[in-house]
Amino acid sequence: MDQVLPSARSRGRIVVIGGDGFCGWPTALRLSADGYDVTIVDNLVRRRIDEELGVDSLTPIADLPVRLETWSRLGKPEIGFEEIDVAEDYAALRACLERLRPEAVVHFGEQRSAPYSMRNPTAKRYTVANNIRATHNLLCAIVELGLDPHVVHLGTMGVYGYDGDGLEIPEGYLRVKVANDEGDLFDRSILYPTNPGSVYHLTKSMDQLLFQYYAKNDDLRITDLHQGIVWGTQTDETRLDERLVNRFDYDGDYGTVLNRFLMQSAVGHPLTVHGTGGQTRAFINIADTVNCIALALADPPEAGDPVRIRNQMTETHRVRDLAHLVADKTGAEVALVDNPRNEAAENDLRVSNRSFLDAGLNPITLAEGLLDESISIARKYRDRCDLSRIPATSLWTERQAPGRPEFA
Ligand code: NAD
Ligand code: USQ
């Protein structure tokens, strides 16, 4: 198969797996704007899951060919697209990598909703099969082809778990001392013990072991980004044309908490705080997601290095504090609803994000006006909201709904 040569001015070829999604689309545009030759690999399953759930992005997202044509018409470099299911079609993935021989692969291509992963046995099994096979197929194909791309994977803060007492979570590794029978102490650096809170988060914990093994055995160069909850919609590139607008999920499965609160305030729905709202989580704006990936790509590990793990988050907040922040800004009502999840009612959270700060990240925070942008987007498109899709109905355990047919 012919190999694709980079154009003269290219900073290198990058494959963005999952590049039609919420984080992948603005990242693909940013990397293209930065001068990389970008090819999106996606099987468009996320759009099909919307159909399955009977919901649509609050923003009217254009089909991927229209998105790509719009980008080219703005005079930007062409972005390639290959429709491949990387979990199911190993041969197509391998052929794509063989042809492109990318310098980097950014891997967003997984089922990313915790509630969706807990809906029923079918969704649990799909999430595990899709996510683990996607990651393993990528690593396996790179080794089979003898390639050496920098693999940048989107992991999650949720691998660390959320029943902490406020002790700072390090970036991936925990330094421990282990005693032998004589009581002599030995230093060890181990993967931070995982404590996933959903089947989805479990797959990200399992991904970590795949990365650890392939970095050790095959010298693959891997960065795993443990990302917090992403909020916001637009980036500098997606603002350029309405047909480039990013996805805005608001439904009970895919909508994440802050974007849901912003949208709920726009349609006059009470803000749906689960339980007491004492859950503390890590957050990052979508523009900083893109900034962090650019920074991670600029600083690849060497062959033989352990997996480089970076915590990709900029601030932590308690859910009820976010609800009151949005309520104070918009006049929305705050409602405490039964928590559909099996999670700690209250937790503290402190996270190190030292490596991105040291690399020059200047974090965008909730205080910086982008909340207003999200509120105005939510207001602009509120007529597209289906109020019946707002409640979160995926329950974590059978005991929360005994006899419910979908758990049978
Ligand atoms: P998304 O669902 O919007 O996008 C994922 C994309 O991957 C979709 O376009 C989907 O079609 C594609 N995809 C899924 N399985 C695939 C397969 N087998 N083959 C090819 N393509 C496939 O999700 P997102 O919000 O953009 O998240 C991207 C990544 O970032 C995920 O891995 C997620 O775990 C991680 N992440 C997201 C958040 C967040 O708040 N959105 C936070 C932390 C981490
Ligand atoms: N929550 C509410 N009300 C809502 C929605 C959520 O109180 O209407 C609560 C949840 O119970 C939970 C918290 O808010 O305690 C966060 O929920 P979320 O849906 O915003 O985020 P989560 O399920 O953790 O998943 C999201 C992304 C996932 C990513 C993860 C990062 O969907 O892909 O991995 O954020 S993290 O949370 O840091 O693990």
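Only this structure's heavy atoms are used, side chains among them; waters, hydrogens and symmetry mates stay out. Indexing begins at 1, ligand by ligand and atom by atom, following the structure's order. Here the structure is a predicted model, which is why all the values come from computation and not from measurement.
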How far is atom 39 (O) of ligand 2 from its nearest protein heavy atom, and which residue and atom is that? Thr156 OG1, 2.7 Å
Can you tell whether the side chains of Asp372 and Lys329 come within less than 4.0 Å, N to carboxylate O? yes
Considering Arg341, His226, Arg281, Glu110 one by one, which has a heavy atom nearer to atom 22 (P) of ligand 2 than any of the others? Arg341
N or O pair under 3.5 Å between Arg260 and ligand 2: yes
With heavy atoms of Leu154 as the reference, note each atom of ligand 1 found under 4.0 Å away. 29 (C), 30 (O), 32 (O), 35 (C)
Less than 3.5 Å between some nitrogen or oxygen of Tyr254 and one of ligand 1, yes or no? no
Please report which non-hydrogen protein atom sits nearest to atom 28 (C) of ligand 2, along with the residue it belongs to and the distance in Å to one decimal place. Arg112 O, 3.4 Å
shortest atom 20 (O) of ligand 2-to-protein heavy-atom contact is with Val257 N, 2.7 Å
Determine, for Tyr254 and Arg112, whether the Lys NZ or Arg CZ falls below 6.0 Å from the six-membered ring centre while staying within 45 degrees of the axis. no
Of Thr27, Asn259, Asp42, the residue with the heavy atom nearest atom 11 (O) of ligand 1 is Asp42
Check ligand 2 against Gly228 and write out every atom of the ligand that is under 4.0 Å from a heavy-atom position of the residue. 31 (C), 38 (O)
Considering the heavy atoms of Asp85, write down every atom of ligand 1 situated less than 4.0 Å from one of them. 17 (C), 18 (N), 19 (N)
Taking only Lys NZ, Arg NE, NH1 and NH2, and the carboxylate oxygens of Asp or Glu, determine whether Arg310 and Asp299 approach each other closer than 4.0 Å. yes
Quick check on His201 - does any of its heavy atoms sit under 4.0 Å from an atom of ligand 2? yes
In ligand 1, which numbered atoms sit nearer than 4.0 Å to a non-hydrogen atom of Tyr200? 33 (C), 34 (O)
Measuring from Met118:CE to Ser198:OG, what's the distance to the nearest 0.5 Å? 6.5 Å
Salt bridge or not between Asp63 and Arg47? Use side-chain N to carboxylate O under 4.0 Å. yes
Could you tell me whether Asp249 approaches ligand 1 through its side chain, its backbone, both or neither, with non-hydrogen atoms closer than 4.0 Å? neither
Examine Asn43 against ligand 1 and note whether any of their N/O atoms are separated by less than 3.5 Å. yes
Any heavy atom of Gly228 sitting closer than 4.0 Å to ligand 1? yes
To the nearest 0.1 Å, how far is atom 3 (O) of ligand 1 from its closest protein heavy atom, and which atom is that? Phe22 N, 2.9 Å
Kindly confirm or rule out an N or O of Val41 lying under 3.5 angstrom from an N or O of ligand 1. no
Do the rings of Phe211 and His153 sit parallel, tilted or perpendicular, given the 30° and 60° boundaries? tilted
What's the shortest distance from atom 1 (N) of ligand 2 to any protein heavy atom, and which residue and atom give it? His274 ND1, 3.3 Å
Whether Ile17 lies under 4.0 Å from ligand 1, heavy atom: no
Using a strict 4.0 Å cut-off to heavy atoms of Gly21, name the atoms of ligand 1 that fall inside it. 3 (O), 4 (O), 9 (O), 26 (O)
Protein non-hydrogen atoms only, distance under 4.0 Å: does atom 14 (O) of ligand 2 have such a neighbour? yes
Among Asn130, Asp89, Thr203, Thr127, whose heavy atom sits nearest atom 18 (N) of ligand 1? Asn130
Can you tell me if CG on Asp338 sees more than 12 non-hydrogen neighbours from other groups inside 6.0 Å? no
Check ligand 1 against Leu44 and write out every atom of the ligand that is under 4.0 Å from a heavy-atom position of the residue. 11 (O)
Closer than 4.0 Å to some heavy atom of Asp20 - which atoms of ligand 1 meet that? 9 (O)
Specify the protein heavy atom at minimum distance from atom 38 (O) of ligand 2: its residue, its atom name, and the distance to 0.1 Å. Tyr162 OH, 2.6 Å
Before signing off on this row, confirm whether Ala114 and ligand 2 have an N or O atom pair separated by under 3.5 Å. no
Stepwise side-chain contact (heavy atoms from CB on, under 4.5 Å) test for Thr314 and Phe356: CA-CA 9 Å; Thr314 54; Phe356 274 125; over 6 Å; no
Please identify which atoms of ligand 1 are closer than 4.0 Å to at least one heavy atom of Gly155. 43 (C), 44 (C)
Tell me, which protein residue and heavy-atom name are nearest atom 26 (C) of ligand 2, and how many Å apart are they? Thr256 CG2, 3.8 Å
Check: Thr135/Asp207 side-chain N/O donor and acceptor closer than 3.5 Å: yes
Give me the residue, atom name and distance of the protein heavy atom closest to atom 16 (C) of ligand 2. Ile229 CD1, 3.5 Å
In ligand 1, which numbered atoms sit nearer than 4.0 Å to a non-hydrogen atom of Ile84? 19 (N), 20 (C)
Non-hydrogen atom of Tyr200 closer than 4.0 Å to ligand 2: yes
When you look for heavy atoms under 4.0 Å from ligand 1, do you find them on the side chain of Lys204, its backbone, both, or neither? side chain
For atom 2 (O) of ligand 1, which protein heavy atom lies nearest, and how many Å away is it? Arg46 CD, 3.0 Å
So for ligand 1, is Thr156 a polar contact partner (N or O within less than 3.5 Å, distance only)? no
Decide, yes or no, whether a salt bridge links Arg354 with Glu168 under the criterion of side-chain N to carboxylate O below 4.0 Å. no
